[in-house]
Colleague: 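Below: one structure in structure tokens.
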Amino acid sequence: MADKGLGWYLESLYKQNRCDFSNGKLNVYLDKKPPDTLFVGSSRVLHMIKPEILGANTELLAHQHKHIYHNAALIDILRMKKKLPRKVLVLHIELEDLYMRTEPMLLDQLYSLKYYYHQNPLVKRLIDKQGYQEPIKFLSSVYRFNGDGWKLLSYPITNNCKEVSKDGYEALFPSENDLKRLEKSLVDDFEPMQLDKINPEFEKLIQQVQKTCSSNGIELIVLRGPYYKLHPELNHATSLMQEIAVRNHIQFVNVPRVEVSGLEKKEFWYDNMHLNDNGASLYSKHLKSIFYLP
């Protein structure tokens, strides 16, 4: 009884939340009329793509450290809620997600959508990959909020409510620390990845997103953004992604740094993986030039 009572209370707080924590960003998006064009992805969408440059009625729904499992499930929630974009969906992917080595990380990221465990079959299927104990845990009404429940309870009391960006973009403004951070990341990001076995779930999820888009008359574009310097072990992954795209008749847009004029300059980078606000302007103008956005 106590579990159900607390679960009901946390659910009421979750549904009311419009701050940028505990899926408040998703709640804000679900409140609105869907845009014509939607970008879904990780921080490399959140901080690198500027909707104001790409055109009217373009938005981002992007989250820090959220890759293919989370983002495919998020898109399926949008389908369920009838909030898919009206014309174009751009799904940003990270090449390392092609490999089994990253699956534990991908499954952990998915837990931020555990509120939908009993509502969305894809969320449930992916979470259940963690093991037989998952369906047992979710018998608890409170478990869906583990890790976030304290925020739902305490943040409103302290008026801790970061506002959600209207178009989804969050700038990384240039600073004097950018060059040092870039140089450090060019060392830290180049540890051996030890990429080995391909994860078949990656292609299945791409196929599911494609099916969702096709059945709703939406153009799907799969995007991979630039790095200042690409880890050499990801060169083969680029070829594998191109093969997946061809096999499934999906438009794959791969944007290496050298294709975007100006991005050879370190002053446009926040670190090896992220552009600062000035670099994001260059990248966004390039995207606008290579494929049509309404």
Side-chain angles (χ1 to χ4, degrees), residues 25 29 34-64 66-68 71-72 74-75 78 84-97 165-174 178 182 206 209-210 213 218-230 234 237-239 241-242 244-246 248-294:
K25 180 187 294 185
Y29 176 87
D36 286 343
T37 300
L38 180 67
F39 284 76
V40 174
S42 66
S43 60
R44 287 172 19 88
V45 170
L46 180 68
H47 302 307
M48 289 174 52
I49 296 174
K50 303 178 78 167
E52 64 181 30
I53 290 176
L54 291 168
N57 222 346
T58 298
E59 292 184 21
L60 315 179
L61 188 54
H63 300 80
Q64 296 276 2
K66 297 295 187 286
H67 295 189
I68 185 64
N71 294 331
L74 178 65
I75 291 166
L78 300 187
L84 291 166
R86 290 190 291 272
K87 296 182 179 180
V88 180
L89 174 66
V90 184
L91 173 61
H92 186 276
I93 55 102
E94 302 298 343
L95 293 173
E96 57 266 38
D97 296 348
S165 166
K166 289 184 179 180
D167 62 9
Y169 175 67
E170 295 184 12
L172 296 174
F173 293 109
D178 286 359
L182 172 60
I206 294 289
V209 173
Q210 180 195 36
C213 289
I218 297 167
E219 179 184 1
L220 172 64
I221 299 171
V222 175
L223 172 67
R224 199 219 77 180
Y227 292 79
Y228 183 78
K229 183 178 179 182
L230 183 66
L234 292 178
T238 303
S239 299
M241 183 61 225
Q242 289 170 336
I244 290 172
V246 170
N248 292 285
H249 309 288
I250 296 171
Q251 183 179 356
F252 174 47
V253 176
N254 177 37
V255 185
R257 182 198 67 179
V258 294
E259 282 191 4
V260 185
S261 178
L263 293 192
E264 73 280 359
K265 299 177 182 177
K266 293 182 177 180
E267 67 192 71
F268 290 111
W269 291 85
Y270 177 85
D271 60 21
N272 184 51
M273 297 177 63
H274 301 92
L275 296 160
N276 61 32
D277 186 58
N278 292 338
S281 293
L282 295 179
Y283 175 43
S284 298
K285 289 174 184 176
H286 179 78
L287 288 180
K288 187 174 183 179
S289 74
I290 60 174
F291 57 81
Y292 172 75
L293 289 171

Colleague: Could you give the distance from OG (S289) to NE2 (H286), rounded to the nearest 0.5 Å?
Modeller: 5.0 Å
Colleague: Would a 4.5 Å heavy-atom cut-off, applied to side chains only, mark L182 and N272 as touching?
Modeller: yes
Colleague: Could you tell me whether R257 sits above the aromatic face of Y228, with NZ or CZ closer than 6.0 angstrom to the six-membered ring centre and within 45 degrees of the axis?
Modeller: yes
Colleague: With a 4.5 Å cut-off on side-chain heavy atoms, are P35 and Y29 touching?
Modeller: yes
Colleague: Compare every heavy atom of L54 with every heavy atom of S284, then report the nearest pair and how far apart it is.
Modeller: O-CD2, 3.4 Å
Colleague: I need the N57 CG to K87 NZ distance, nearest 0.5 Å.
Modeller: 8.0 Å
Colleague: For a quick test of reading the model, state the closest non-hydrogen atom pair linking V253 to I221 and the distance between them.
Modeller: CG2-CG2, 3.7 Å
Colleague: Within 45 degrees of the axis of the six-membered ring of Y227 and under 6.0 Å from its centre: does R44 put its NZ or CZ there?
Modeller: yes
Colleague: Using a 4.5 Å cut-off on heavy atoms from C-beta on, say whether the side chain of T58 contacts that of F39.
Modeller: yes
Colleague: Just wondering, do Q64 and L46 contact through their side chains at under 4.5 Å, heavy atoms?
Modeller: yes
Colleague: Any idea which heavy atoms bring L275 and A280 closest together, and the distance?
Modeller: CB-N, 3.8 Å
Colleague: Compare every heavy atom of D36 with every heavy atom of P85, then report the nearest pair and how far apart it is.
Modeller: CB-O, 3.7 Å
Colleague: I need the L61 CG to L89 CG distance, nearest 0.5 Å.
Modeller: 10.0 Å
Colleague: So which heavy atom on R86 is nearest to which on I218, and how close?
Modeller: O-CG1, 4.2 Å
Colleague: Between Y283 and K50, is there a side-chain heavy-atom distance shorter than 4.5 Å?
Modeller: no
Colleague: How many angstroms lie between atom CD1 of I75 and atom CG of L91, to the nearest 0.5 angstrom?
Modeller: 4.5 Å
Colleague: Decide yes or no for H47 and Y270: does some side-chain heavy atom of the first lie under 4.5 Å from some side-chain heavy atom of the second?
Modeller: no
Colleague: Could you list the residues that satisfy salt bridge (Lys or Arg N to Asp or Glu O under 4.0 Å) with D178, not counting sequence neighbours?
Modeller: R181
Colleague: First locate atom CD of Q210, then atom CD1 of I250, and finally report the distance between them rounded to the nearest 0.5 Å.
Modeller: 4.0 Å
Colleague: Tell me whether N276 contacts the main-chain N or O of E267 through its side chain, where contact means a donor paired with an acceptor under 3.5 Å.
Modeller: yes
Colleague: Are V209 and V40 side-chain neighbours, meaning at least one heavy-atom pair lies under 4.5 Å?
Modeller: no
Colleague: Find the distance between OG1 (T238) and CE (M241) and round it off to the nearest 0.5 Å.
Modeller: 10.0 Å
Colleague: Side chains of V255 and L223, heavy atoms from C-beta outward: is any pair under 4.5 Å?
Modeller: yes
Colleague: Mind listing the closest non-hydrogen atom pair of L234 and L95 along with its distance?
Modeller: O-CD1, 3.8 Å
Colleague: Just by distance, do the side chain of N71 and the backbone of K66 share a donor-acceptor pair under 3.5 Å?
Modeller: yes
